[in-house]
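To keep things clear, I will list the structure first and then write my remarks on it.
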Amino acid sequence: MSANADIARLFHEMADALELLGENAFRVNALRKVARVAEDATADLAAVARTDPKAVEAIEGIGASSARKIVEFAGSGAMREHAELLAKLPPGLMQVLRVPGLGPRTVKLLWEQGGVTDLATLKTKLASGELAGLPRMGPKTLQNIAENLAFLETAGQRTRLGDALPVADALVAELSKLPGVKEVAFAGSLRRGRETIGDVDLLVATTKPSPVMHAFTSRPGVAKVLAHGETKSSVRLASGLQVDLRAVAPAAWGAALLYFTGSKEHNVLLRERAQRKGLRLNEYGLFKDDGKPEPPQDRGLTPVAAATEAKVYEALGLPWIPPELREGHDECGGTPAPLIELSDIRRELHCHTTASDGACTIEEMAEEAKRRGFDAIAITDHSRSSAQANGLSVERLREHIAAIRAAARRVSGIHILAGSEVDILADGRLDYPDEVLAELDWVVASPHTALKQEPAAATKRLLAAIEHPLVHVIGHPSGRMLGGRPGLEPDWAALFKAAARSGVAMEINANPHRLDLRDQLVRAALAAGCHIAIDTDAHGLDNFDLLRFGVLTGRRGGLTAEGCVNAWPWKRFEAWRHSRGR
DNA sequence: GCCGTTTTCGGCCCGACTGTTTTCAGTCG
């Protein structure tokens, strides 16, 4: 198990503890940054710390002090300073920070003056009314804390991209019909295509924000209005999803969209860059910095740039940066190659039919692929070990291959490949003998079981599939489920190196429950020289729509059409496909 | 605690909204 998640958690906890203790905010931020770096890292930081401690400190955002802590963790599985900090607080106090609206200052107050030590005491003391005498604890604040505490107890965690995007699309369509609305878009982590999002951020351009705010907060489906101001409102939908709406003047659209798309870290990079150029950037525009503290837009200053994102970037000496790359990493470093687009995808290479656990026939799937302008579809039903998915025995597979070939003769205008999604068994063997695999046009090899096995075993297992000469692509390589199971945590660097050498593609499974490979692993795979496949794993016609989530994930990893086998011209794809098996 | 094409010290992004206050602290993104 990669220790990165544990390292990130420890640093977050140290940051929380320091905040509750009233420590220096910049020190807190620095620790949080280390936590984010650990979350994003694809290499196992503990392993790096054991082999080359100096390499940890060389990572951007990790200084000498944090590197020492990571090295200590790699050796002992703990951090002394972390334990010391947490010992200064009641064990349950940090959970209180998770209540929306409660920040470190308030929690500190509730603890020191109200005797709150955890969520349970908070609840009882709210009910008994004994917090009422505390400073800044008026009836509305106490009411809000009680409601938010109840929400925390019932609500889940972050929302999957696949669940949030359709909601956002519908809200954008709804708002665009309101009078006086010139532009509408969703921003935030949703626009950046993150696999999960905390809330939906919407932006409208209008000269009359008031009626828009009113329409938004009073629309059906709003369970609670969290804030309702002149230019900014926030609601919680009945589904529990929080939606924020911000209104700006049309002339500031670009600056506002840039600002609300984030990420926060990207915004900081841009602001620092602006400062170095004697400029000042906020959501109203990029202004000349005249040193006066009052906001430039309040003094009638004309911005250097504001109308479009591209103009703001240009004035900062940058090319327009796609939202998917705005994570505060190295995106401001140069001109990135154009990222893959949905329209670049020419074929679906992983789908299921009624032969295993799909809902449609071979012909229905092929016709749908054709309707969507694809040049090919690979039919890849489950192999025999996937009994729960009605996997095909060798005999049924041979009948299925014949059925696929027959369908290919009936349906014109699209290539139909006879494939299989073959289980990679726990020991790395594939689920069909080689002579059977050799009868197929296309082999997706995927792990479905034993997804909790140790990293060393997982590495050996996936390596065996990657080095198998008849395999074209490794399907959903980790087997993770978002919000479900973490999946395998093999030595990704070793796998990508092997895949690049053997020519096997690594899949981005576009199903929003999977998005596997995830964004940062796509980046690492590309850096190693791997080909990437983006497949929907469609089990029915609607599932073809999932492709956008796979493309977003690829873009977050820096994927171009050149790097994606689904986007290659047919001849190149065929040459590569036939190169396997030799 | 981190960082440096001004700096190894002295900075570290910026504004809206709420609730409780009579001018602002705290939270959020």
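Within every chain, numbering begins at 1; the chains are lettered A, B, ... in the order of the sequence lines, protein sequences first and strands thereafter. Both backbone and side-chain heavy atoms feed into the values below; hydrogens, waters and symmetry mates do not.
- Distances were taken from every side-chain heavy atom of A:His228 (C-beta onward) to each of B:dT18, B:dG26, B:dT20; the shortest belongs to B:dT18.
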Using a 4.0 Å cut-off on protein heavy atoms (strictly under), produce a 5'-to-3' string for nucleotides 5-15 of chain B with B for base contact, S for backbone-only sugar-phosphate contact, and - for none.
-------BBBS
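- Ionic pairing of A:Glu195 and A:Arg480 is present here: one or more N-O contacts between side-chain nitrogen and carboxylate oxygen are shorter than 4.0 angstrom.
- Remark: B:dC9 base-pairs with B:dG4. Criterion, Watson-Crick or G-U wobble with two distances under 3.5 Å.
- Note that A:Arg246 lies outside the cation-pi zone of A:Phe260, set by a 6.0 Å cut-off to the ring centre and a 45° limit from the axis.
- Residue A:Ser66 places at least one side-chain N or O under 4.0 Å from the OP1 or OP2 atom of B:dC2.
- Here B:dC17 presents its C1' atom at 13 Å from CZ of A:Arg136, a figure rounded to the nearest Å.
- Taking atom CG on A:Asn29 and atom C1' on B:dC3, their separation rounds to 14 Å, with Å as the unit.
- At a threshold of 4.0 Å, the pair A:Arg32-A:Glu19 counts as salt-bridged, since one of the basic side-chain nitrogens sits closer than that to a carboxylate oxygen.
- B:dC14 and B:dT23 have their P atoms separated by 27 Å, with the value rounded to a whole Å.
- The neighbour count for A:Lys125 NZ, taken as heavy atoms of other residues, nucleotides or ligands under 6.0 Å away, is above 12.
- Rounded to whole Å, atom C1' of B:dC28 lies 12 Å from atom CG of A:Asn148.
- Rounded to whole Å, the separation between the P atoms of B:dG26 and B:dT20 comes to 14 Å.
- No contact: A:Glu265 has no heavy atom under 4.0 Å from any strand.
- OP1 or OP2 of B:dG26 sits under 4.0 Å from a side-chain N or O of A:Arg105.
- The residue A:Gly188 sits apart from the nucleic acid: no heavy atom pair falls under 4.0 Å.
- Comparing the same atom, P, in B:dA16 and in B:dG4 gives a spacing of 31 Å after rounding to whole Å.
- B:dT21 and B:dT5: their C1' atoms are spaced 48 Å apart (whole Å).
- When each of A:Ser65 and A:Leu102 is assigned the nucleotide of DNA chain B with its nearest heavy atom, A:Ser65 is the one assigned upstream, toward the 5' end.
- In terms of position on DNA chain B, the residue among A:Pro139 and A:Ala64 whose nearest nucleotide sits closer to the 5' end is A:Ala64.
- Counting to the nearest Å, the P atom of B:dA16 and the CG atom of A:Asp201 are 16 Å from each other.
- Relative to the side chain of A:Pro104, the nucleotides B:dT27, B:dC2, B:dC17 differ in distance, and B:dT27 lies closest.
- Ion pairing of A:Arg9 with A:Glu13 is present here, as a side-chain N (NZ or NE/NH1/NH2) and a carboxylate O approach within less than 4.0 Å.
- Separation of the C1' atoms belonging to B:dT6 and B:dG10 is 13 Å when rounded to the nearest angstrom.
- Across B:dC3 and B:dT8, the matching C1' atoms stand 9 Å from one another, rounded to whole Å.
- By the salt bridge (Lys or Arg N to Asp or Glu O under 4.0 Å) test, A:Arg556 pairs with A:Glu327, A:Asp519, sequence neighbours left out.
- As rounded to whole Å, 12 Å separates atom P of B:dC2 from atom CG of A:Leu18.
- Under 4.0 angstrom from either OP1 or OP2 of B:dC17 there lies no side-chain N or O belonging to A:Ser233.
- B:dT7 and B:dC12: their C1' atoms are spaced 13 Å apart (whole Å).
- By the 6.0 Å contact criterion, CZ on A:Arg36 is enclosed, its count of non-hydrogen atoms from other residues, nucleotides or ligands being greater than 12.
- Within the 4.0 Å cut-off from OP1 or OP2 of B:dT18, not a single side-chain nitrogen or oxygen of A:Asn144 is found.
- Rounded to whole Å, the distance from CD on A:Glu147 to C1' on B:dT27 is 17 Å.
- Between A:Glu23 and A:Lys88 there is no salt bridge, since no side-chain nitrogen of the basic residue lies less than 4.0 Å from a carboxylate oxygen of the acidic one.
- The shortest distance between the side-chain N/O atoms of A:Thr141 and the OP1/OP2 oxygens of B:dT20 is below 4.0 Å.
- Whole-Å rounding puts the A:Ile145 CD1 to B:dC28 P distance at 11 Å.
- Counting non-hydrogen atoms under 4.0 angstrom, A:Asp199 reaches the backbone sugars and phosphates but no base.
- Of all nucleotides listed (B:dT20, B:dT18, B:dG29), B:dT20 comes nearest to the side chain of A:Lys140.
- Atom-to-atom, CG of A:Leu110 to P of B:dG26 comes out at 12 Å; the value is rounded to the nearest Å.
- We find that A:Glu81 and A:Arg27 are joined by a salt bridge, their nearest charged nitrogen and carboxylate oxygen being less than 4.0 Å apart.
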